[in-house]
Amino acid sequence: MKTERINGERVKVMSKILIVEDEEAIADLEKDYLELSDFEVTIENTGDKGLETAMAGEFDLVILDLMLPGVTGETLLQQIQDIGDIPVIVISAKVGIDDKVDALLGGAADYITKPFAVRELLARITVQLRKRDLSARAGQTAGPDSCQKDQRLTVGDLMLDPVLREVSSQKAQDKNTAVRLTRTEAAILRLLMQ
Ligand code: CA
């Protein structure tokens, strides 16, 4: 449950989740559990329908299966990112490290392998929504600048700004020597630093 300002008043609103999953039993299990946890849930069972619905509704999060009839989950992941800043949690039977890395570098917020526990799914959803809430609030109270600052990662002397895709050293003699990275380089470095 999140809160939103409607006509100046804070009102509790259900977070909206879109599940794109072709295995009916799994989709229903996820839906039942999430509805009990006060989420508003929509299920689509093909990639094409998933994209259509994602574009039509304002979802807070998408749960995405990779192996889908029609448009694949991998393609859908790209398309959802073109719509806007919606966190996507991939749930897949693909357990290979390459599949995970590809999905994460491709913009997935998280990756869960099947079989999974719905409690774990709920925890991961909560983490993503909390993150989104925090950055939205930071953006509201202090402008886009502080939102950007919050996303910076520091490990040892190394600092990465994933928004500007700049990496710099915190050592005094190396100050002001930021290096601009490609999208892929920045994504890999961010993954390693996290
Ligand atoms: Ca599937």
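Counting starts at 1 for both ligands and their atoms, in listed order. Throughout, residue positions are numbered sequentially from 1 according to the sequence presented.
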**Message:** Check this for me, if you would: do Lys114 and Asp65 make a salt bridge, where the nitrogen-to-carboxylate-oxygen distance has to be below 4.0 angstrom?
**Reply:**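 Salt bridge flag = yes for Asp65 with Lys114.
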
**Request:** Check Asp65 and report its N/O/S atom nearest to the Ca ion (ligand 1), by atom name.
**Result:**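 Relative to the Ca ion (ligand 1), the closest nitrogen, oxygen or sulfur of Asp65 carries the name OD2.
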
**Item:** Residue Asp22 atom name (nearest to the Ca ion (ligand 1); N/O/S)
**Value:** OD1

**Request:** Going by the side-chain contact (heavy atoms from CB on, under 4.5 Å) test, name the single residue among Ile89, Ile63, Leu61, Ile91 that passes it with Arg124.
**Result:**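 Only one option passes, and that is Ile89.
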
**Prompt:** Can any side-chain N or O of Thr126 pair as donor or acceptor with the backbone N or O of Leu122 at less than 3.5 Å?
**Reply:** yes

**Asked** Does Ser92 put an N, O or S atom under 3.0 Å from the Ca ion (ligand 1)?
**Response**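 Of the N, O and S atoms in Ser92, none lies under 3.0 Å from the Ca ion (ligand 1), which means no.
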
**CA sep, side-chain torsions, deciding dist, call: Lys31, Glu24, salt bridge (charged side-chain N to carboxylate O under 4.0 Å, His left out)** = CA-CA 10 Å; Lys31 184 172 194 269; Glu24 212 178 306; over 6 Å; no

